[in-house]
Every structure is written in C-alpha cells, then in structure tokens.
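Before any comments, here is the structure.
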Amino acid sequence: MYDSTGETTKRSPAEIVQTARAAFERGKTKSLEFREKQLRALLRMYNENLSTIMDCLAADLHKSKQESVVLEVEVLINDLKNTLQHLKTWMKPQHPPKGLANMLDNVIIYNDPYGVALVIGAWNYPLQLTLLPVAGAIAAGNCVVIKPSEMSPASAKFMAQMIPKYLDNECYHVYLGGPQETQELLQHKFDYIFFTGSTTVGKLVHAAANKHLTPVTLELGGKSPVYLDKTADVNVAARRILWGKAINAGQTCIAPDYILCTKEVQGKFLKAADTILKDWFGQNSKQSPDFCRIVNDKHFQRLTGFLKNGKVAIGGNVDQKERFIDLTILTDVKPTDPVMQEEIFGPILPIININDAYEAIKFINSREKPLSLYIFSKNKRDTDLMLQNTSSGGTCVNDTVMHFGVETLPFGGVGCSGMGSYHGKYTFETFTHKKSCLYKTYGAIGEKLGSSRYPPYSQAKINLLKFLLKKRPEISFHYLPHLLMFGLGVAAAFGLKYAFKYMEYIGENAN
Amino acid sequence: MAKVERELILPSTKVSPINNDNPAVINIETSETLPVTKYDRNGCRKSASEVVSIARTAFNSCKTKNVAFRRQQLKNLLRMFDENAKALEDALKKDLGRPRQEASSFDVEFTKNDVITMLMHFEEWAKPEKPPKPLPNALDQICVYNDPYGVVLIISAWNFPITLLLGPLAGAIAGGNCVVIKPSEIAEATAQLIAELIPKYLDKECYQVYLGEVMETAELLKERFDYIFFTGSTTVGRIVHAAANKYLTPVTLELGGKSPAYIDKSVDMEMTVRRILWGKCSNAGQICIAPDYILCTKEVQDKFISIAAKVLKEWYGDDVESSPDYCRIISDKHYSRLNNFLADKKNIAIGGKSNAANRFIEPTILVNVNPNDSVMQEEIFGPILPIVIIENPHEAINFINAREKPLVIYVFTKSKTVKDMFANNTSSGNLSFNETLFHFTVDTLPFGGVGFSGMGSYHGKGSFDTFVHKKGTLERNFAAITEKCTAFRYPPYSESKTNRISIIMRPRRGISCKYLKPLLIFCLGVIVIIIIQLIYYHVTDKHLL
C-alpha cells in the first residue's frame, strides 16, 4: 500500500541504509557548507508548502490552522533558524581546561557525527516530532533515515514526496510503512536511533538497538499530573490547564493528564472551566473549527471507555462518525479506575482529590515518573517542595506545555517516560559523539616529566607521579568577563570625557 | 506502561531470617529455594531484591538529596583510601600481581583524585543551572535541576577493580543516588576487601556491596534500577543492555575493542616505543585502552623492533618473569586464550615466553601479522602486540574504518596533515596523539566509547552528569501582563492571533538576555566614573584628569 507514495518507498531497507552509509563514509555530510545548504533547503520546504502542510494536518487530525502554524510549522522554522545561526559555533572543537600533568599538551573535544541515524516519528504532531530531530541529525552531520508514523498518512506522504525534492537524495531517505516495515528497518545497523512514541513500542526499539548496541533517544509519554492549590489564580490556571489539554484534542505527550487538588479548589476550577470552554468553543464544541478529532477508531474506542469512570462534570459528548470527543472533566475518580492506569492521550481530564502538597507528592511518587509535572501555586515553599521531591522529565510551574517551547531547556523523559533529551543545542548534541583528544608532543621536558611512569619502578617515581597527578583547585575566571566589562565602562567614560574636551577645544579654537 | 511502582512497595522476594547454619534465600512467591553460593556466607547475605529494596527505601527517605550528606559520604570514601591504601595495594598484588607503583598511581591515587574532584566541585554542579532565556520567556524563570536518578547499579571490571568501581561511585554519590556496588568476582581479593570496607565508611543503607558470580549478577539485573553503569566486555555489556530493557533503565557501557596505534616515520622512535610499550605492558596489557595492534610500514616496524628489544631489557632485565614490575594474567581461562596467540612462532620478533604455573606471558611483539589471523579478530587484552604492515596513512584509516569503532585510536606522527586526517576521518571513543593511556587521566575530557566500544562517557564533571537527570523547568507567574502576552494561544483561533504568536516566537539574531548582564555591568562602570567625577568636582572644584 505504500508503494504508490513515491519512488523512495520502493527500495528495501537494506538498500536505503547502504546508500546512506556509503554517502556518510564518503564524507559528504562533514562540511559546514553542506549541512547549512540542507538545513536551508528544509526551511524552504516549509515556506513553499505551507498550505499543503495545513491540508495534511487537517486531513490527519482535523488540526486547525493556528495549531498547525504555532505548534508544528513555526516550531520547525524557528528551530532551523536558531540552528543555522549557531551551527558554526556548535561544530567547533572545544578546548576544555587542563591540569598540571597536561600543561605541555593540547586537549580538544571534537564533535563527531555518529553516522547513519534513524528517526522514527509519532502521529500526534506528525511533522514537528519527526522533522525537529531530523534537523538536529542533519546539523550534526549524520545521514538520516526518516520513518514517519503510518497513523498520520497524509503527513507521511507529504514527507515522502517532499524530502527527496529538497534534500540530498543519498544522505536523507524517507521510509514509509507500518509495524512490519519498522521491524524490518530495525534489523539493520544504525549508529543512532531517535524514537518518539509509546513506551511499549519504545521498548521494542530499545530491544532492537541491542544487536548493534546502538545508542537511543526515547521520547515517550506517561501520565503528566497537574497539582493545583488554592493560592493559584484559578481563572488563569484553568485557562492554561485547559489549553494544554485542548490542543490537538489532548493527543499531546506533555498534555496535563490528570489534576490533583482539594475538593474546594475542584469546585472553583469547574466553575471557571465551564465559562472558559464556552468562550473558546461555543455551546457546541463539535461545531468549532478549533477542536481536533481523535486519530483513529481504536483510540476513539479506548477513550470513550474512560467516560464511564467517575462522574462527568463537564462535557461528555461523543460522535463516533467524526471520532469527536468533547473536552470532558471527570470528578470522583478513584486512583484505581482504568482512566488512571494508562496515559489518557485524549480530551478527558480526571480530577483526583488530595488534601495537601505532601499527599500530592506521595501520589505522584507512587507512580511511574511522568514526562512533565505541572504545579499551579503562588506558594513558594510548596512549589519548591514539589520540585525537589518529585522526579519528572521536565516541569512547568503555573503553565502547561510551554516549557516545550524554550529551546535552552533540555526536553525529554526519565524512567518510563523516556531517555535522552533534545531541543536547541541539545538536539545537535544528541546526534554528536564527543570525541575527546589528547595531543602530546615529543618535547624533551614532557618526556622527562613523564618518564617516571616507566619500569623499573621505585618509591621516588611513585612520589613524583603522585605529585604530578594530584588534583588541584583550578583558577576560576568566572568573574573575569564581568570585571573586564566594568573596566571597559570606566575606560569608555574617560574616553567620552576626552572626546568632549577635545571637541570643546576645537570649538574654542574655531571661535 | 510497566506497572511497577516506585515507592513504598514491598519487594516480592523476602529473605528468611539470617541464620548461619542455613543461609538459604527463599522466594516467597514461588516458595523455591534459591541456590546458595559461597557469597551468601562471606559477603552479602541479602538477596538482590532485598538489597535493592533497602536502597530504594533509603532513597525515598530523601537522605541523599541533602548535599551535606553527600559531602560527608565522599569525605568518608576519601578517608577509606587514606587509611587502607596498603590493604588495597596488597589485594591488587594478590589478584593481578600488580607492582606497587602501578597500584599506587593507577588505582589508589587516581581514584582518590576522582573523589577529590567531586568534593571540590559537586556542590556547584548540583545547583540548578540557569540557561540563557529566549526573548519570549523574558518574564519567566527557567532553570535546569540536577535530579538524582534514584537507585544506581555499578558493575565493574576486574582489570582495574578499584578505579573502575569507585570512580563512578564517587559520581553517583555526588549526584545524590543510592548505589548498589557489584565488584568483579574475578578480582576476588579486591572484591572481598571492598565488601568489608564500604560498610565501615559509607552509609549502610544507601551504599551496599553485592558480591556474586554470573548467576548472582543475573539475579541483580532482574531488579529495577534507575541507572546502570557497566564496565566490561561487549558481550556482557549487551546482556546488561538487554536486561535494562525491562524498565527502560538508561545505561552507560564502558566496553573495549581493538584500539589501533598508527606510527609513521616522522616520529621520535625512542619515545614512541617507550610510550607504546608502557601502554601495553602496564597491567600486562589488561587495559581496555591498551594499544591493541600497530599499523606501520615495514621500515618503521624494523626500527620499532630494534628499539623495543633494548627498552624491554632496560625495564625488566633479561628475565621478565623475575621482574617485580610486571603483572600476571588474571585467570587460567585468559592465560590459555592468550597463549594460543603465541602458537605460531614464526611471527614472534620479541618475547614469546609463557608459564602456565604463574600465568606469566612475556611482552611479545608479532611482526608482519595478517589481518585475518586470529589475534586480529578479538580484543587481545594481554601483553601481545601484533604489527600489521600498511603503506601510508590512507591505508591505515581504511583499515581502521573497516572494523568496529575502537575505544581509542593512537596516532604517532609529527605531521599536522596526518593528525588532521585521523581526527576528521576516523570515529573512535577517544583519540590520542603521540601518547598512550594518558587521555584517561585528563578529567576535563569525556572518557567513553562509541559503537561497539560503548555508550555514554564519564570523568570529572561527566561522572556527575552521568548520574543526574537534567530536569528542565519553566516557572511562570500569574501576573496580568504575562497572561496578556500569552493569551493569543487560546481558542477561538483567528488569523491575527496566529500572526501575533509567530512574531513573538520568531528567533532574533543578537537579541538575547545573555548580553543584558555584561551590558548592565558596562553601564555601571560608566556611571561609577561619572559619580566619582561629580564628587571630585564638588569637593575640590577641579576636574579629575
């Protein structure tokens, strides 16, 4: 069924990997110019195909234009621009400080590409979650095999058709297919695998990576809790929580999964939520063009099952034909209910009542480590308590999802929510092997100092070696730039003064 | 998603009350008695699941979150080295026949330095990092917390049973983890000593030593850990990686591989020979980063051999076996494996003697070795150094690239062009020019393999970073202006909202909060001078300068 989508898919995985490896081994992707050219081509691909992209996302998920622009295309474009701005600096070998024993040597860390990378994308943000890591892999100088999710077929087809038109045909390949094809692909040797998806499939990828001990990044999911206390501005908090849950109809790996709050806060939250949802989607959210649909029937069935848990406080409408599920808030949910046993990944938001922050922490810690933790509170003490005593991939205080957009924060899970992280420079580093390197010379002094290591051994030699290898505190230049800046300010003040005086002098002379 | 919970859950297996007559471990679920080994009596009486559950309870008590606690533990570890240096060196002598100088500098001193490095810096490293803020987050706080993973397993190798075990341990302690320590059973004396010493110096609940052989290690690997740090062979590394699949535990694998040494004719041959032979003869070649084989031209080979003969005589005298400065092979299994490489006498240019009684193998150089010979098919890990003839650096690079990525490549040359050729066209864990082993001692260089030579890296700050999860955190406030600036994201969506967000999100060249601080300090400098001048003028009625 995938043969009709384009020429690339007709080739076997073996052929694709071989072509990519040959291209890598020829050193094609090594130069900065080549990588920049590819990244610019990718940028052009987004800019020239905006409306096609919107159509694909609408076909796959009924995604609205704003969500497509803001959460997919703009994220990709901005990341590319950021990478293009900094790539030259990132690629440069680093020169770390060195100790006494290496005074006469040179120490360098090279940023080596791994080789051929495999990027397996997810269907919920079919472009962003696939092509963001791809851009990083290209920037780091790898050849890439791209495997889009088969569950978002329009977007997958778009990538299969467009990538070969814009990017180098030997270095970058799109391979389409379902679980069967993915298994076939995973039989082959890759030097890095970047996977976004579920924990179950993540485990299969990790197991396949065992054969060649391929390092992997796993971007998985998990039940990301929201803690909401009474000090929070409940109207603003409700807006931010519901937004995180409403985008892509809750099919976001970092969507708030459930809320932990007291009974009292729950009441206020429900009241605020009711108004907000009417504001956003009108009386009938099925009519709203701004609300997504569930990706397929299987997921629709799974989600409607959850509506039987607890009590429906808001929402609850479904339409099987469109795979529409209203944004639904459930109360009186028990921690043992099915809705609390797996990642919801849909527009259903259960509320669990707890009494205080301690209880919330205990609740969170008794479950798998989540991908994100959301804390809504103005109380600094409770916020710090939560931050320091829970473990999660990332955290966002008083907002949801937005930490994803900060390119200087590493994004990724821990425990069952994943391993490895990316975004901004971290994406580049994910696909880079840090090759450390020691340059020694044949200088007579260095050899003299080092010769104490050779046999025959003696106590005197032991003492000299101890002295040379002893760890000493380094001189910190931490404040030097600040001091220099201050000095420059002082100098500039004097300079200005002289300039004024000189001008005065000229002025007087002219008169 | 796996349903194993992280806290306050009782372990599935329990230990029967400890009784010296009957130390059997009973699995309560299956009622089967696990086989008893000598380790149940001597070292660790607890079952794997009990060890892990004690560590997990200790971690959940947040004991190790406290930085002062970590500092105290690291200090105790340091004291352990100071008070037991001799005992540690003796254990190494017993296991590996290691000369005191090697034991002192490679093991005790080196590992002590690791601990000292941690003590010097870890508090600063543990602080939340403040990365630069992008413009759209000007009103927010962003930081990266260094969260401990939880319960960490460190499995170490026998060739440096102290360095490769306690070096990572220092990093894991500094990172705030609880640790299960599994020394290699092959270096038995050292393992026993460690099992005795650690509980005397470190917290008994947070840091536990678990002794055992293959079966016990398999038991241990069934338990849930939050991080696994393994040093050893690729084969076992793969087993560890497979076991980590169950809970998707992240792993660092410090493996080995055939690390080549390329020599060209531009070098100072005397120094080159010394540096290579030192790397090969220390610990009798049983070092993961020992030069495995040499690539050079026939002409260089001849020169190398003539100097090597002289150097070895100078170091070990006429009879290497009687030198006190030369190690033995760890076990009979490894001895016979290595001895097989010496079967074909025609290639032996230097050495070749061996003695099964004390597992002695002389430093041996094999010349004109065929790439298909058995000695070129696996990591040698012993004092045998084959030389493979190549014609030029291109051929050497092709030879290296045709094989698995090594842990390190050694290049001996004075030519800048050749150095760059190797730096840019080969892939290996590390790279070292004109020296062997020493890159391991530079703690600002990440040490670790790539491909089959391993994944992950450590040393210095890297050892700390290995054992912490970098938790990215965005902190926003409820201020009206913040809400106003981000309200465009809410439905109902419109063209103008979409455009406004695009404008806010766009990355801007040069505008970054990064430059704000230096700019402010610059202005401060200007203002200070102006104020000084004003005061000066006010007081003296004269201009300064």
Side-chain angles (χ1 to χ4, degrees), chain A residues 64 66 69-70 74 78 81-82 96-97 102 107 112 199 203 206-207 210 213 215 233 236 243 280 290 365-366 391 394-399 402-403 406 408-410 414 416 419 433-440 442 447 454-457 462 465-466 469 471 482 485-486 488-490 492-493, chain B residues 1-2 5 7 99 101 104-105 109 113 116-117 120 131-132 137 142 147 238 241-242 245 248 250 268 271 278 315 325 427 430-435 438-439 442 444-446 450 452 455 469-470 472-476 478 483 490-493 498 501-502 505 507 509 518 521-522 525-526 529:
Chain A
S64 63
Q66 176 156 338
V69 170
V70 174
E74 283 286 324
N78 291 337
K81 284 182 179 165
N82 183 49
N102 305 98
V107 294
D112 269 9
T199 306
K203 260 185 202 170
H206 184 270
N210 185 266
L213 286 180
D233 179 333
V236 177
W243 175 73
W280 287 358
D290 301 333
N365 285 348
S366 70
S391 180
T395 335
C396 189
V397 180
N398 297 329
D399 209 332
M402 295 305 278
H403 62 300
V406 187
T408 51
L409 286 180
V414 62
C416 275
M419 55 174 87
H433 164 57
K434 298 268 168 198
K435 180 168 79 180
S436 55
C437 180
L438 174 69
Y439 281 81
K440 205 147 197 168
Y442 286 107
E447 182 62 9
Y454 300 137
Y457 300 144
I462 295 181
L465 277 177
K466 264 191 194 174
L469 290 173
K471 182 73 195 165
H482 295 165
M485 240 19 235
F486 183 82
L488 203 63
V490 170
Chain B
M1 198 194 292
E5 302 190 350
E7 197 203 32
Q101 175 161 342
S104 164
S105 46
E109 286 304 313
N113 280 337
I116 294 171
T117 307
M120 275 177 182
N137 300 96
I142 62 171
D147 275 2
R238 207 186 263 158
H241 184 271
N245 184 265
L248 285 180
D268 179 323
M271 286 187 205
W278 173 71
W315 286 358
D325 299 336
S427 178
N430 303 147
L431 185 58
S432 173
F433 289 104
N434 302 328
E435 184 58 277
F438 256 81
H439 63 284
V442 187
T444 48
L445 285 179
V450 61
F452 272 137
M455 55 174 85
H469 164 59
K470 304 266 169 194
T473 303
L474 170 71
E475 194 167 344
R476 189 156 267 183
F478 286 112
E483 183 60 9
Y490 302 135
Y493 301 143
T498 311
I501 299 178
S502 303
M505 281 168 56
R509 193 182 288 269
I521 293 170
F522 177 85
V526 174
I529 288 308

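Predicted model, so just to flag it, every value in this text is computed and none were measured. Chain letters run A, B, ... following the sequence lines, proteins first and then strands; every chain starts at 1.
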Review point. What part of A/D233 lies closer than 4.5 angstrom to a heavy atom of chain B: side chain, backbone, both or neither?
Key: both

Practice item. Give the member of A/P215, A/G489, A/P96 that has the highest number of heavy-atom pairs under 4.5 Å with chain B. Key: A/G489

Exercise for review: Answer with side chain, backbone, both or neither: which region of A/V490 has an atom nearer than 4.5 Å to a non-hydrogen atom of chain B?
Suggested key: both

Practice item. Please flag which part of B/N245 lies under 4.5 Å from any non-hydrogen atom of chain A: side chain, backbone, both or neither. Key: both

Exercise for review: Name the member of A/D112, A/L488, A/V69 that forms the most heavy-atom pairs with chain B at distances under 4.5 Å.
Suggested key: A/L488

Study note, to complete from the structure: If one checks every heavy atom of A/H206 against chain B at 4.5 Å, the contacting part turns out to be both

Revision key, fill the gap. Among B/F522, B/F478, B/F438, the residue with the most heavy-atom pairs under 4.5 Å to chain A is B/F478

**Study point:** Sub-4.5 Å side-chain heavy-atom contact between B/F452 and B/R238
**Key:** yes

Point to revise | Region of B/S104 that comes under 4.5 Å of a non-hydrogen atom in chain A | key: side chain

Review point. Tell me, side chain or backbone of B/I501 under 4.5 Å from chain A's heavy atoms, or both, or neither?
Key: side chain

Review point. Between B/S427, B/S432, B/P492, which shows the greatest number of heavy-atom pairs under 4.5 Å with chain A?
Key: B/P492

Review point. For B/D268, is it the side chain, the backbone, both or neither that has a heavy atom under 4.5 Å from a heavy atom of chain A?
Key: both

Point to revise | Heavy-atom proximity to chain B below 4.5 Å, by part of A/M402 | key: both

Check your understanding: Using a cut-off of under 4.5 Å for heavy-atom pairs, which of A/K435, A/Q66, A/E74 has the most such pairs with chain B?
Key -> A/Q66

**Study point:** Partner chain B: residue of A/K466, A/K434, A/K81, A/H403 with the largest heavy-atom pair count (under 4.5 Å)
**Key:** A/K466

Check your understanding: Residues two or more places apart in sequence or in another chain: which of them pass side-chain hydrogen bond (donor to acceptor under 3.5 Å, both in side chains) with B/W278?
Key -> B/S282

Exercise for review: Please list, chain by chain and in numerical order, all residues satisfying side-chain hydrogen bond (donor to acceptor under 3.5 Å, both in side chains) with A/Y457, sequence neighbours excluded.
Suggested key: B/E102

Exercise for review: Pick whichever of A/V406, A/I462, A/V414, A/N210 has the most heavy-atom pairs under 4.5 Å with chain B.
Suggested key: A/N210

Review point. What residue, out of B/V526, B/T498, B/L445, has the most heavy-atom pairs lying under 4.5 Å from chain A?
Key: B/L445

Check your understanding: Of all heavy-atom pairs between A/S436 and B/N430, which one has the smallest distance, and what is that distance?
Key -> OG-ND2, 2.8 Å

Exercise for review: Please determine, by modelled atom types, if A/D290 and A/S64 share a side-chain donor-acceptor pair under 3.5 angstrom.
Suggested key: no

Review point. Do the non-hydrogen side-chain atoms of A/L409 and B/K470 ever get within less than 4.5 Å of each other?
Key: no

Check your understanding: What part of B/H241 lies closer than 4.5 angstrom to a heavy atom of chain A: side chain, backbone, both or neither?
Key -> both

Study note, to complete from the structure: Interatomic distance, NE2@B/H439 vs NZ@A/K440, rounded to 0.5 Å, equals 12.0 Å

Review point. So which of A/C437, A/A207, A/C396, A/G394 has the biggest tally of heavy-atom pairs under 4.5 Å with chain B?
Key: A/C437

Point to revise | Per-residue contact mode, A/L465 against chain B (heavy atom under 4.5 angstrom) | key: side chain

Review point. What part of A/A492 is in contact with chain B, defined as an atom under 4.5 angstrom from a non-hydrogen atom: side chain, backbone, both or neither?
Key: side chain

Review point. How many angstroms lie between atom CG of B/D325 and atom CH2 of B/W315, to the nearest 0.5 angstrom?
Key: 11.0 Å

Review point. Checking heavy atoms, do the side chain of B/E483, its backbone, both or neither come under 4.5 Å from chain A?
Key: both

Review point. Measuring from A/T408:OG1 to A/N82:CG, what's the distance to the nearest 0.5 Å?
Key: 9.5 Å

